[in-house]
Number of protein chains: 4
Amino acid sequence: MFRFGKLGDGGSGAVNDRDGDAGRAAPRKRADARRNERTLLDAAAAVFVTSGVEAPVRDIAARAGVGVATIYRHFPTRADLIIAVYRHQVESCAEAGPALLASSATPHDALGRWVNLFVDFLVTKHGLAAVLRSDEAGFEALHTYFLDRLMPVCARLLEAAAAAGEIRPDIDAYELMRGVGNLCIGADSDPRYDARRLVELLIAGLRLPR
Amino acid sequence: MFRFGKLGDGGSGAVNDRDGDAGRAAPRKRADARRNERTLLDAAAAVFVTSGVEAPVRDIAARAGVGVATIYRHFPTRADLIIAVYRHQVESCAEAGPALLASSATPHDALGRWVNLFVDFLVTKHGLAAVLRSDEAGFEALHTYFLDRLMPVCARLLEAAAAAGEIRPDIDAYELMRGVGNLCIGADSDPRYDARRLVELLIAGLRLPR
Amino acid sequence: MFRFGKLGDGGSGAVNDRDGDAGRAAPRKRADARRNERTLLDAAAAVFVTSGVEAPVRDIAARAGVGVATIYRHFPTRADLIIAVYRHQVESCAEAGPALLASSATPHDALGRWVNLFVDFLVTKHGLAAVLRSDEAGFEALHTYFLDRLMPVCARLLEAAAAAGEIRPDIDAYELMRGVGNLCIGADSDPRYDARRLVELLIAGLRLPR
Amino acid sequence: MFRFGKLGDGGSGAVNDRDGDAGRAAPRKRADARRNERTLLDAAAAVFVTSGVEAPVRDIAARAGVGVATIYRHFPTRADLIIAVYRHQVESCAEAGPALLASSATPHDALGRWVNLFVDFLVTKHGLAAVLRSDEAGFEALHTYFLDRLMPVCARLLEAAAAAGEIRPDIDAYELMRGVGNLCIGADSDPRYDARRLVELLIAGLRLPR
DNA sequence: GATGAATGAGAATTCATTCAT
DNA sequence: GATGAATGAATTCTCATTCAT
């Protein structure tokens, strides 16, 4: 089955080489700032795994061996940090959509596979799903990013399946993704709960009664 | 469709008529305390609606017009308060199970209706679903209460449907309820998200391929 | 060795039959009030043993099976309660002074025995010694009572010993009692610490170099 | 008579010159933090004098003109703060032991002088003696520090005196220090009570009857 | 640019004491 | 007289965020 492709960073490790803005030669100082940002992202990823995405800023700074203010400089908002940490995986996920559509037997099948990818991603991110649906101010950026990037992909798959007459047409991508996200909340801390199985049910439920 | 019957307190209002059982047993003095407890429950319900079930104790006290310690006297633990606030509705929900099983066309149908009841309840309780799945110490009592009361009902319906060959037999009541609960998280604050529809999908997904 | 005589209540049990103010026939209601006061004193004594004399008022009320206000009615101040609880033993101690002086070989010997009595009393009263030296407002009554009752007795013994040329004349009763009281603080909770032995040293130290 | 040597800070004033060891080791930035820590220690010392070592954290912060969290940063535990405040004096006291042994006429004499030092220290520290004997959790560090540092010194003096046949051999350093400590409780707030005199008695009482 | 010290608002919880019934 | 419910002050501790160095 599809995995988060080229990266293989199963949810913890190094992330992000920051948009390849190869562009104009960055001023010298950028070198260590860049290194710093990288360190920060790795540290954040690690802390997120153990303490969740709402972990105290201080913990992340400590892990990275930098001062807290450094985090604020690079990522004014917690959402910015979260986005940066997961950007690669989100991108991979987004890119996987069309590929799956092309390679799967049916659109509904592709949809199921793609959603599995999304679930695999979320389930391993302690607290991400929860914050993804939080309405606390300051997370709009996060919502926006995830939605902007993934919703179109999901919508595409839904349309295809609907067009093929495989699924009910009355559900939209936003709602589906929100539902899937919700089903992933707390999935990592409860051995009696298997988010994947429930999501499978949800996708199965989309099927039109043949 | 079934509603929370006689009560009709759609998630905010007065709760708890606490021993309407006129009985002599209760000491007289309770008169004002009784009134106060009631006030407290109403205030809590109201605050829960706007600020979620994790609202500061102080806010609830203020809303009720009492001192904080009064809350602690009546409800030593936040879980106690939450349980008290929602007890009636939980009971109603639990009692509705067997009735639905008897009155519905098929067990799967009964299951769907019952789950709808549960969703109707949760969706209006800002933050309840979230706290229900929280693993923070201090909420065990809450989990226990909900689970003890509702899981058996759900299990009963699942068994019936499975026995009738209507649904897949590989899902248990705990997981289903958790899933449904999760789908309700944040449902009240997002107009684009309809938990009922998604839960419907989930239940539909249980169906065995004819 | 001398004990707290007739009483034999080694620090816990029932205390106080409240000044036998046999006087004029007390109004009827007094009967249960009297009983109540007695219950209260027993309860207080018991709680003092386990939780110290600074135990929460509520605990004492609970133990006595009465409301907190009842305590306040009978004993407006914590000091009043403490005094009432220990009155008998303090009286016994006070009365033992002259008797010891008469029955002992020398005044210094009598002093030692009497101080032992005082120590036996204090050591078993969790926290009494501490509160006895506390300067918190509200304990003056307590200090006053203890001092008024016991200091003269101690002074008498000191004088006799000084007059007999057995001890240094430059220490007064107040200071000695305070010292002894202090040595008793916390004695019951520390197995490595024996207040009696230290007090013995102190008394020994009074001796004039022969 | 011996005093707390070079310091002469009779119980209130400036404490702690914290690494006067110019060394390169300490990072530059500490400049203001250092000043702050010093301010904090001075403030704490002052507040301790008036309100005792159990004074509310907030009061200390206010006195120092800093936020409460600043205290927590520097001294996570109240015990840490107390230790820091008194460290110098404790050290001086500890160091004085051997010196006194060498310079005094007899070991018993040295013991008396050393104990006087200890008393001088304690008597001026409102509440220190009380907390020193408290069994509340959170003060172990404090007990440990004081005991670790001072008990061996006291033990040494006791042994020497015992070896010289000057004193009774049946008292150990822990008990003696505890007793002396107790005698100092509340000594500063009671003009009729002179802890020094009583301690003197205690030490005199150790003497073997010639 | 980086640092990490300082800030101060917030939330929980406990008890002595008063007061309506 | 008795009750025990209500009060509300007091205290601790934690973090996100800012700012002087």
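Proteins get letters first, then strands, A, B, ... in listed order; numbering begins at 1 in each.
Distance CZ (B:Phe75) to C1' (E:dT13): 17 Å, rounded to an integer number of Å. One interatomic measurement links the two molecules: CG of D:Asp59 to C1' of F:dT11, which rounds to 10 Å at whole-angstrom precision. Going from atom CD1 of B:Ile71 over to atom C1' of E:dT13 covers 12 Å, rounded to whole Å. Here the C1' atom of nucleotide E:dG4 and the CD atom of D:Glu37 are 14 Å apart, to the nearest Å. Across the protein-nucleic acid pair, D:Ile60 atom CD1 and E:dA6 atom P stand 15 Å apart, rounded to whole Å. Rounding to whole angstrom units, CZ of residue A:Phe139 and P of F:dA16 are separated by 10 Å. Rounded to whole angstrom, the span from the CZ atom of B:Arg38 across to the P atom of F:dA5 amounts to 19 Å. Computed from coordinates, the D:Arg34 CZ to F:dA20 C1' distance equals 17 Å when rounded to whole Å.
The 5' end of DNA chain F is approached more closely, in terms of each residue's nearest nucleotide, by B:Val68 than by the other of B:Val68 and A:Ala55. When each of D:Gly67 and B:Glu54 is assigned the nucleotide of DNA chain E bearing its nearest heavy atom, the one mapping closer to the 5' terminus is D:Gly67. In this structure, A:Gly65 and B:Pro56 both approach DNA chain E, and ranking their closest nucleotides by distance from the 5' end singles out A:Gly65.
Close to E:dG1, at under 4.0 Å from its OP1 or OP2, lies no side-chain N or O of A:His74. Contact annotation: B:Thr70 side-chain N/O to F:dA5 OP1/OP2 distance is not under 4.0 Å. Phosphate proximity of F:dA2 to C:Arg73: present, with a side-chain N or O under 4.0 Å from OP1 or OP2. Within the 4.0 Å cut-off from OP1 or OP2 of E:dA12, not a single side-chain nitrogen or oxygen of B:Arg58 is found. In this structure, C:Asn36 does not reach the F:dG1 phosphate: none of its side-chain N or O atoms is under 4.0 Å from OP1 or OP2.
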Salt bridge (Lys or Arg N to Asp or Glu O under 4.0 Å) between C:Arg63 and C:Asp59, worked out
CA-CA 6 Å; C:Arg63 173 93 181 210; C:Asp59 290 0; over 6 Å; no
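Across every strand in view, E:dA20 sits in a pair with F:dT3 that passes the Watson-Crick or G-U test at under 3.5 angstrom.
For D:Val57, whose side chain is taken as the heavy atoms from C-beta onward, the closest listed nucleotide among E:dG4, F:dT12, E:dT18 is F:dT12. Residue B:Tyr72 has its side chain nearest to E:dT13 when only E:dT13, E:dA16, F:dT14 are considered. Out of F:dT7, E:dG8, F:dT3, the shortest distance to the side chain of B:Ala69 is found at F:dT7.
The backbone N or O of D:Val68 sits nowhere less than 3.5 Å from a side-chain atom of D:Arg73 that would complete a donor-acceptor pair.
The shortest distance between side-chain heavy atoms of B:Ile60 and B:Val66 does not fall below 4.5 Å.
A cation-pi arrangement is present between D:Arg87 and D:Tyr145 under the rule of less than 6.0 angstrom and at most 45 degrees off the ring axis.
The shortest heavy-atom contact between B:Val131 and B:His143 is O-NE2, 3.3 Å.
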